[in-house]
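Contents: one structure, followed by commentary.
Bear in mind the structure is a predicted one, so any value in this text is a computation, not a measurement.
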Amino acid sequence: MTQAQIVDLTQNDIKKQFEGEASGHDWWHIYRVWKTAIYIANQEGSVDLFVVELSALLHDIGDWKFHQGNTEMGPQLAKQWLTQHHVAESVVNHICQIIRETSFKGAGVVASMSSKEGQIVQDADRLDAIGAIGIARTFAYGGYKGREIYNPDIPAEFHENFEQYQQKSGPSINHFYEKLLLLKDRMNTRTARQMAQARHLFMEQFLDHFFKEWEGKI
């Protein structure tokens, strides 16, 4: 089986699994991360595009947010899928490591990536968390979790470790301060840093408008 065939099979399987999901972690999120990762990889060069594509397609499989905080569910499911399709063990291990390292783990946690391919996938995932789509996904997930849109009596928190971040349950607006507004300066690649600028600015403009509306000023 060729690499292109494995990517196609993975795409089709992931699409079936995630189509219609309503928390903002649906097939179209994965599709955007996949396409953005390919774009960044082509701009940055000197990377294994096969690893980038498969990691992007599989990055949300077994997401800890939907599996009682189990951070090893994703790597385990990815390994099963890749091994079943006879992907080389070294490639499987690389992809599983990327999946393990990609997710945001708290404002106070340094989430370093151990490969350029991982940096690209992480950047693509983070780009989809900011800007207009990031705003939409934030409120989709907040509604999915039954969270308030905003409550001025509940301040945003600086999570010093992953355990604190996993247990957070504040209003959706807090998520901007606890994660989204931090991502621009945590992009790994030059390409992603450039792409993040406009998306970050859009979020700042949205929040400015939101709080003016909240106080009835506009």
Taking everything shown except Phe206 itself, do over 12 heavy atoms lie less than 6.0 Å from its CZ?
yes

All heavy atoms of Gly24 vs all of Arg137, minimum pair found to be O-NE, 2.6 Å

Treat each ILVMFWY residue as a node, draw an edge where side-chain heavy atoms are under 4.5 Å apart, and state whether Tyr31 and Ile99 are in one component.
yes

Does some side-chain heavy atom of Met73 sit less than 4.5 Å from a side-chain heavy atom of Ile61?
no

Does the side chain of Glu148 reach to within under 4.5 Å of the side chain of Ile154, using non-hydrogen atoms?
yes

Linking I/L/V/M/F/W/Y whenever their side-chain heavy atoms sit closer than 4.5 Å, directly or via other members, would Phe158 and Leu207 fall into one cluster?
no

Do you know the tightest heavy-atom contact between Val33 and Val121?
CG1-O, 4.4 Å

Hey, what do you get for CG (Asp8) to CE (Met1), rounding to the nearest 0.5 Å?
10.5 Å

Heavy atoms from other residues, nucleotides or ligands near CD1 of Ile149 exceed 12 (cutoff 6.0 Å)
no

Can you establish whether the number of heavy atoms outside Phe202 located under 6.0 Å from its atom CZ is more than 12?
no

Set out, in order, the CA-CA distance, both residues' side-chain angles and the distance that settles side chain to side chain contact (heavy atoms under 4.5 Å, CB included) for Ile173 and Phe139, then state yes or no.
CA-CA 8 Å; Ile173 285 291; Phe139 292 109; 3.9 Å; yes

The reported gap from CD in Gln194 to CD1 in Ile40 (rounded to nearest 0.5 angstrom) is 10.5 Å

Measure from the side-chain N and O atoms of Asp26 to the backbone N and O of Ala22, and report whether any donor-acceptor pair falls under 3.5 Å.
no

What is the distance from atom CD1 of Ile120 to atom OH of Tyr39, rounded to the nearest 0.5 Å?
12.5 Å

What is the minimum heavy-atom distance between Ser114 and Gln97, and which atoms define it?
OG-CG, 3.7 Å

Glu89, CD atom: more than 12 neighbouring heavy atoms under 6.0 Å:
no

Smallest heavy-atom separation, His209 atom then Ile218 atom, equals CE1-CD1, 3.2 Å

Are Trp28 and Ile133 co-members of a hydrophobic cluster defined by side-chain heavy atoms under 4.5 Å apart?
no

Which is it for Ile130 and Met187 under the side chain to side chain contact (heavy atoms under 4.5 Å, CB included) test, yes or no, and what are the steps along the way?
CA-CA 12 Å; Ile130 62 177; Met187 296 294 170; 4.1 Å; yes

State yes or no: are the ring centers of Phe211 and Tyr150 separated by less than 6.0 Å?
yes

With heavy-atom distances below 4.5 Å as the criterion, would you say the side chains of Arg147 and Pro171 are in contact?
no

Measure the shortest side-chain to side-chain distance between Trp34 and Glu53 over non-hydrogen atoms and say whether it is less than 4.5 angstrom.
yes

Is there a side-chain contact between Trp81 and Val87 (heavy atoms, below 4.5 Å)?
no

Evaluate Gln17 against Asp13 for side-chain hydrogen bond (donor to acceptor under 3.5 Å, both in side chains), listing each step before the verdict.
CA-CA 6 Å; Gln17 287 189 48; Asp13 184 74; 2.7 Å; yes

Carefully, step by step, assess Leu49 and Gln3 under the rule side chain to side chain contact (heavy atoms under 4.5 Å, CB included).
CA-CA 10 Å; Leu49 190 57; Gln3 291 185 350; over 6 Å; no

Is it true that the side chains of His200 and Asp185 contain a donor and an acceptor less than 3.5 Å apart?
no

Quick one: pull up CG in Leu58 and CD1 in Ile98 and give me the separation to the nearest 0.5 Å.
10.5 Å

Does a donor on one side chain sit under 3.5 Å from an acceptor on the other, for Asp123 and Thr189?
yes

Check against side-chain hydrogen bond (donor to acceptor under 3.5 Å, both in side chains), Thr102 and Gln122:
CA-CA 5 Å; Thr102 292; Gln122 186 179 63; 5.7 Å; no

Please report the closest heavy-atom contact between Asn188 and Met113, naming both atoms and the distance.
ND2-CG, 4.4 Å

State, to 0.1 Å, how close Ser172 and Thr138 come at their nearest heavy-atom pair, and which atoms those are.
O-CG2, 3.7 Å

His94 (side chain) donor-acceptor with Val91 (main chain) under 3.5 angstrom:
no

Any non-hydrogen side-chain atom of Pro155 less than 4.5 Å from a side-chain atom of Tyr177?
no

Taking the six-membered ring for Trp and the full ring for Phe, Tyr or His, determine whether the centres of Phe18 and His25 are under 6.0 Å apart.
no

Hydrophobic cluster membership, Leu201 vs Leu181, 4.5 Å side-chain cutoff:
no

Report the distance from atom CG of Leu57 to atom CD1 of Ile6, rounding to the nearest 0.5 Å.
12.0 Å

Would you tell me whether Ser55 and Glu117 have side-chain atoms, one donor and one acceptor, within less than 3.5 Å of each other?
no

Quick check: are there more than 12 heavy atoms from other residues, nucleotides or ligands sitting under 6.0 Å from NZ of Lys79?
no

Any side-chain donor paired with an acceptor under 3.5 Å for Ser23 and Glu21?
yes

Taking Glu44 for its side chain and Ala41 for its backbone only, find out whether a donor-acceptor pair lies under 3.5 Å.
no

To the nearest 0.5 angstrom, please state how far the CZ atom of Arg126 sits from the NZ atom of Lys184.
13.5 Å

Does any part of the side chain of Glu72, heavy atoms only, come nearer than 4.5 Å to the side chain of Arg100, both counted from C-beta?
yes

Does a donor on one side chain and an acceptor on the other come within less than 3.5 Å for Gln80 and Gln76?
no

Can you find a heavy atom in the side chain of Glu157 that is under 4.5 Å from one in the side chain of Asn174?
no

